[in-house]
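Please read these numbers as outputs of a predicted model, since none were measured by experiment. Values reported hereafter were calculated over all heavy atoms of this structure, with side chains retained and with hydrogens, waters and symmetry mates removed. Every chain is numbered from 1, with letters handed out A, B, ... down the list of sequences.
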Protein chains: 2
Amino acid sequence: MAAAAPPPPPTSAPVTLPESDPSGNTLFTRIRLATVDDVPHIHKLIHEMAVFEHLIHLFEATPESLANTLFPENPLPPFSSFTVFLLELSYMPFPPTPQNEHFTPILKSIHLDVPIEDPGREMFRSKAIDVSVLGSDVIVGGFVLFFPNYSTFLAKPGFYIEDIFVRECYRRKGLGKILLSAVVSQAAKMGYGRVEWVVLDWNVNAIKFYEQMGAQILPEWRICRLTGDALQAYAHINI
Amino acid sequence: MAAAAPPPPPTSAPVTLPESDPSGNTLFTRIRLATVDDVPHIHKLIHEMAVFEHLIHLFEATPESLANTLFPENPLPPFSSFTVFLLELSYMPFPPTPQNEHFTPILKSIHLDVPIEDPGREMFRSKAIDVSVLGSDVIVGGFVLFFPNYSTFLAKPGFYIEDIFVRECYRRKGLGKILLSAVVSQAAKMGYGRVEWVVLDWNVNAIKFYEQMGAQILPEWRICRLTGDALQAYAHINI
């Protein structure tokens with residue numbers, strides 16, 4: 001179904017593009033660290049997620065508030081705070097990426113029976129690579145937002161995945177798995193003990209998928225949330 | 001039941017101790033940021049927690065692994081990563097603490113009918129204040145470990161409380177509430193949107209307590225956890 005892209009050559013070597021697929025039925029994927037320039041796309045992705053989850057009434061994020069909180073003026077090193085991996089898609093192979101001190105983008109490809117009709121193509125065109133260089137548009141297909149958590153019993157950090165989202169027209173192709181495995185690989189690389197996320201108990205397909213990948217679904221734990229007026233009231237309680 | 005301690009005088013003023021209670025039935029409490037010097041006590045507290053929860057088989061933390069992960073060589077600013085508040089107890093009032101750039105310790109007191117018999121007094125004696133200065137031992141009574149999380153819908157950070165623990169002999173005095181409200185106050189001060197934690201679904205007393213404080217218990221979400229061999233396997237999966 002899918003094959004890993006060849007490893008990038010040393011950064012000093014001349015850039016040679018991996019072979020493209022003249023049939024146009026190979027979708028090349030790249031996962032890279034998002035930057036503040038990606039905020040407009042991240043905002044649209046979160047908005048699509050809120051619509052999909054019928055939770056648009058809870059959606060308060062603006063491009064400005066996302067930029068301020070995800071990419072603050074004095075940013076912490078990648079992976080030590082809120083981190084976004086962006087999934088980019090192209091029908092031409094991505095150029096090899098120079099090794100980066102924090103993260104080398106992950107290149108893969110998947111074979112399609114037919115190219116995917118994307119009604120949001122205009123809105124999700126990535127500006128990271130110029131079309132004239134690649135010979136194809138680069139389209140933002142999804143994202144994953146995660147950050148460190150901590151287990152006192154293990155005395156080890158882990159990663160908590162807050163959101164993982166693939167745009168509707170690109171689903172059921174294994175792209176969610178590519179995003180998820182990028183986070184898990186990063187956790188393993190850093191010697192972290194766990195990757196955790198949450199799922200709705202009625203989402204049996206998702207639960208089945210997670211169990212097949214070896215995750216445990218913890219049946220007894222419930223999330224407690226203090227927010228809004230109740231948070232303000234408790235913050236000023238006189239004990 | 002309890003009253004807040006008077007605010008500390010300006011740091012340049014001579015230190016004057018708040019009035020003590022000659023009956024010995026007032027327990028003075030202080031919440032402060034833990035430091036690497038507190039690791040031996042933090043380790044013992046987590047061990048007691050594991051025993052209490054019948055989860056000692058999952059307890060792998062050592063003082064060394066806790067020190068390395070909670071207090072690394074190049075620490076991030078307090079509250080931007082894993083943060084520990086320590087609860088200290090004394091039968092003499094704590095001296096006012098100079099204002100700190102990150103966090104001013106929270107001083108409170110609670111009235112007891114009789115002083116508490118503490119079988120772990122020796123093991124949990126704090127070295128933060130010398131007994132000759134205070135005229136009383138300072139005992140570590142509990143801790144809370146928390147770190148930032150993030151809501152994409154709010155585009156705001158929050159705090160996630162991983163552990164909150166009060167030693168057995170000091171329970172049912174409102175000390176857990178003092179620890180919890182310290183985290184909530186800090187969240188409010190930083191303009192954060194939420195404080196979250198988890199509870200076991202059969203722990204009806206805890207659920208009742210959390211609901212009374214205004215927290216929502218989210219009934220539908222389940223935690224998914226990838227750890228150990230399954231994490232390693234998925235990190236190296238060939239998609």
Part of [range] lying next to chain A, heavy-atom separation under 4.5 Å:
| range | answer |
| --- | --- |
| residues 157-166 of chain B | B:Pro157, B:Glu162, B:Asp163 |
| residues 37-52 of chain B | B:Ile46, B:Met49, B:Ala50 |
| residues 224-236 of chain B | B:Cys224, B:Arg225, B:Leu226, B:Thr227, B:Gly228, B:Ala230, B:Leu231, B:Gln232, B:Tyr234, B:Ala235 |

Greater than 12 external heavy atoms within 6.0 Å of [X]'s [atom1]:
| X | atom1 | value |
| --- | --- | --- |
| B:Met190 | CE | yes |
| B:His54 | NE2 | no |
| B:Glu168 | CD | no |

Taking the side chain as everything from C-beta on, heavy atoms only, tell me whether [X] gets closer than 4.5 Å to [Y].
| X | Y | answer |
| --- | --- | --- |
| B:Trp197 | A:Arg222 | no |
| A:Lys177 | B:Ile237 | yes |
| A:Asp201 | B:Trp221 | no |
| B:Phe153 | A:Glu60 | no |

Can you tell which of A:Leu180, A:Val195, A:Thr62 has the highest number of heavy-atom pairs within less than 4.5 Å of chain B?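 Most heavy-atom pairs within the cutoff with chain B belong to A:Val195.
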Go through [options] and name the one with the most non-hydrogen pairs under 4.5 angstrom from chain A.
| options | value |
| --- | --- |
| B:Gly193, B:Ala187, B:Ala67 | B:Gly193 |
| B:Ile217, B:Leu66, B:Thr152 | B:Thr152 |
| B:Asn203, B:Val199, B:Leu55, B:Ile207 | B:Val199 |
| B:Leu154, B:Val183, B:Leu70 | B:Leu70 |

Side chain, backbone, both or neither: which part of [X] has a heavy atom under 4.5 Å from chain B?
| X | answer |
| --- | --- |
| A:Leu200 | both |
| A:Tyr210 | side chain |
| A:Glu53 | side chain |

Interatomic distance, A:Asn149 atom CG to B:Phe147 atom CZ [nearest 0.5 angstrom]: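 A:Asn149 CG to B:Phe147 CZ: 4.5 Å, rounded to 0.5 Å.
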Taking heavy atoms only and a threshold strictly under 4.5 Å, list by residue number the residues of residues 74-81 of chain A that touch chain B; give 'none' if the list is empty. A:Leu76, A:Pro77, A:Ser80
Please report the shortest heavy-atom distance between B:Glu196 and A:Ile223, naming the atom on each side. OE2-CG2, 4.3 Å
